[in-house]
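One-based numbering, in listed order, for ligands and for the atoms of each.
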Amino acid sequence: MPENQTVYMPPQPFVDKALMREPLVYKQDALDFWEDRARELDWFEPWRKTLDWNPPFATWFAGGKLNASYNCIDRHLNTWRKNKAAIIFEGEHGDTKVYTYKDLHREVCRAANVLLRLGANKDEVVTIYMPMIPETVIAMLACTRIGVPHSVVFGGFSANALLGRINDAGSKILITCNGAYRKGRILPVIENVHAALEQENTIETVVIYNRVNRDPELVYGRDYLYTSLRANASNECPPVPMNADDPLFVLYTSGTTGKPKGVVHSTGGYLTGVAATQKYIFDLKDDDVYWCTADLGWISGHSYVAYGPLLNGATMVMYEGGPEYPDKYQWWRIIEKYGVTILYTSPTAIRNFIKWGDKYPQKHDLSSLRLLGSVGEPISPDAWEWFHRVVGGGRCPIVDTWWQTETGMIMLSPVPALTPLKPGSCTKPFPGVSAAVLNEEGNPVAPGEKGFVGVTQPWPAMLKTLYKDDERYVNTYWKQWDKPYYFAGDGATIDEDGYVWIEGRVDDVINVSGHRIGTNELESTLAQHEAVAEAACIGVAHEIKGQVPVAFLVLKEDYFPTQTLIDALHELITEQIGKFSQISEFIFTAELPKTQSGKTIRRILQNVAEGNDDFGDITTLANPDSLEDLRKYLGNKLL
Ligand code: PRX
């Protein structure tokens with residue numbers, strides 16, 4: 001929390017036209033608020049009870065029946081939006097494609113019919129391993145149309161990471177594509193799939209979309225080209241009425257153990273929370289051109305690329321690539337080309353832009369922008385100010401939105417016409433959300449004190465459970481306090497005005513460019529190498545990525561820290577998890593600092609990795625010799 005806080009009042013022209021501008025909304029009873037929001041969706045059958053709360057298990061809108069794809073598509077077809085652009089896709093090579101709501105309806109129905117023919121059913125999760133293309137959204141919606149939960153695996157995950165997620169979900173059907181364009185290269189998507197499926201797995205059918213005009217090798221009886229399946233599929237597929245509490249999807253996220261957690265979201269609650277936050281936080285109107293740069297493989301892509309905009313009948317831009325390909329003008333070029341009005345992106349992207357210089361955004365006309373958003377990591381006041389000034393031309397409110405895979409929807413955020421902004425703070429809970437910064441006892445901290453983010457009342461888009469693991473769900477999120485409060489795993493402070501300032505994770509999770517990576521996941525992967533006796537990973541601050549992992553390694557006897565070994569370890573991480581989680585530095589030591597009970601003292605490792613030779617209190621250290629190599633390393637580094 002900075003000493004001097006600047007406050008930006010909501011700009012009057014913005015306030016005058018905003019969708020949510022009545023401050024009393026913050027005083028409304030939470031359940032009444034959410035009922036009103038749920039009524040903004042279309043239900044086949046009304047719910048009987050808004051919330052059934054059996055801590056920590058919640059059932060939202062019990063008795064209600066609805067369908068996600070119906071709400072995202074069909075309900076717009078009886079309106080003028082029928083031929084409105086839903087997705088404007090821009091490929092890396094400048095190829096473009098527009099899907100109207102009517103187009104989406106046809107394609108989703110066809111894909112749903114294909115899935116039905118392949119035997120998809122609501123008791124089985126369909127895994128989707130695809131890049132940033134509209135067909136990924138179509139595949140997701142096709143699943144929801146027939147009531148089948150999907151599990152989207154980020155395209156940057158390796159074959160092994162994909163395999164683990166397929167098997168955990170027990171998927172029999174995998175939807176993928178023959179490749180993807182990334183930074184001018186073709187990503188080996190289908191090759192990864194084949195590599196994954198060489199090992200023991202649950203998959204019976206692989207459906208392959210065409211993205212890169214290459215004929216993939218097909219395994220007879222298992223692999224099918226989507227184009228041929230689609231050819232015989234009907235354009236109509238009735239949406240299946242689902243119970244509000246039925247699972248909509250599973251999304252794996254890193255946790256504090258080596259095994260990723262399958263976060264399960266329900267249908268009615270999730271859609272209600274996402275539709276409302278999308279509409280009111282982004283002030284999303286019919287004439288907006290909305291662009292969320294998140295990948296569909298993460299929760300931001302699920303909630304605010306796939307579901308949120310379509311539930312609201314919006315027009316969105318979807319871009320296949322990153323901000324530096326084909327050159328560093330690309331995102332600004334896209335904003336100018338389509339007249340983007342709302343841009344939702346990450347602090348990592350913003351820090352990159354700052355590093356590259358103002359000339360890139362300044363070359364393009366960004367005057368269409370009227371609202372900016374940030375998600376995934378804390379944004380520093382400096383980066384916030386830059387984003388506001390250079391990209392937003394000083395006129396666009398910024399919504400710094402705090403939330404998680406588990407919360408499903410934005411929890412802490414300004415409502416742009418109601419909340420004065422302070423750069424670096426995600427401000428306050430959204431109406432209907434009860435979240436606070438709590439101390440060890442579960443009481444709100446005083447201004448300036450540090451605490452943990454907790455959610456003190458259930459919220460509609462909350463995770464239902466962890467896939468087939470209720471016990472882990474209870475233990476991970478609901479045991480921090482004696483009260484039925486959700487523990488988010490983030491540290492924060494609160495200021496005199498009740499504004500929340502997020503400090504980052506307090507558990508063994510590293511946030512690299514907004515991607516969550518469990519230190520245990522990295523450690524267990526490194527430990528697979530024959531040379532490694534012990535590994536401990538921690539996150540250190542990084543100028544662009546927010547955090548990067550540093551690994552401390554103890555090698556087995558007769559092994560030495562050579563470049564070949566380091567290369568092999570990099571390779572292992574890429575193979576087992578994915579390139580995006582690469583270790584930034586390896587530090588070799590004869591021993592890790594431990595307590596009497598054998599627990600690694602991570603605080604010391606943190607100091608070493610940050611180049612700090614003051615180890616603080618080392619009275620609990622059982623093996624003082626362990627500091628020798630670490631001191632040597634620091635000595636060399638500080639020279
Ligand atoms: O540490 C917080 C950080 O991202 C974590 C959640 O990661 P994930 O489940 O992958 O979802 C990311 C996209 C919603 C949180 O525990 N985080 C997310 N948004 C913010 C943030 N940290 C600070 N400010 C934010 N706005």
Side-chain angles (χ1 to χ4, degrees), residues 1 152-154 156-157 250-256 260-265 270 273-274 277-278 281 292-308 344-351 372-381 383-384 387 398-414 419 421-430 435 437 452-455 461-463 466 476-477 480 486-493 499-518 521 539 541 545-547 580-581:
M1 184 162 65
V152 181
V153 178
F154 171 55
F157 273 119
V250 181
L251 181 58
Y252 285 89
T253 185
S254 290
T256 51
K261 302 176 288 197
V263 171
V264 182
H265 280 291
Y270 173 82
V274 167
T277 46
Q278 176 80 70
I281 292 174
C292 169
T293 64
D295 194 284
L296 285 159
W298 307 109
I299 191 68
S300 328
H302 280 59
S303 298
Y304 300 108
V305 179
Y307 291 106
Y344 188 30
T345 191
S346 68
T348 290
I350 297 166
R351 290 189 293 263
L372 302 174
S374 167
V375 60
E377 309 151 67
I379 178 165
S380 69
W384 194 105
F387 196 33
I398 298 180
V399 287
D400 175 0
T401 60
W402 177 91
W403 59 294
Q404 307 178 303
T405 306
E406 293 85 345
T407 68
M409 65 183 221
I410 297 169
M411 302 293 279
L412 300 169
S413 165
T419 322
L421 306 175
K422 294 188 188 184
S425 166
C426 57
T427 74
K428 298 179 173 195
F430 183 69
V437 182
F452 308 103
V453 180
V455 188
M462 65 192 282
L463 73 167
L466 293 177
T476 310
Y477 304 109
Q480 175 77 4
Y486 169 83
F487 175 63
D490 274 22
T493 54
Y499 275 43
V500 177
W501 299 76
I502 303 284
E503 300 200 324
R505 304 288 308 187
V506 292
D507 53 6
D508 296 334
V509 170
I510 307 178
N511 192 335
V512 183
S513 304
H515 303 330
R516 257 161 79 169
I517 301 165
E521 229 172 314
K545 297 179 176 179
Q547 276 190 307
F580 66 94
S581 55

Exam field: side chain His302 to backbone Leu296, donor-acceptor pair closer than 3.5 Å:
yes

Heavy-atom contacts under 4.0 Å to ligand 1, chain-then-number order, include exactly Ile299, Ser300, Val375, Gly376, Glu377, Pro378, Asp400, Thr401, Trp402, Trp403, Gln404, Thr405, Asp490, Ile502, Arg505, Asn511, Arg516

Students often mix this up, so state it plainly: with edges at 30° and 60°, are the rings of Trp298 and Phe580 parallel, tilted or perpendicular?
perpendicular

Checking side-chain hydrogen bond (donor to acceptor under 3.5 Å, both in side chains) between Thr348 and each of Lys545, His515, Glu377, which is the one that passes?
Glu377

Kindly say whether the aromatic ring centers of Trp403 and Tyr304 come within a distance under 6.0 Å.
yes

Examine distances only and state if a side-chain atom of Asn511 and a backbone atom of Gly376 form a donor-acceptor pair shorter than 3.5 Å.
yes

For the pair Thr277 (side chain) and Val274 (backbone), establish whether a donor and an acceptor sit closer than 3.5 Å, ignoring hydrogens and angles.
yes

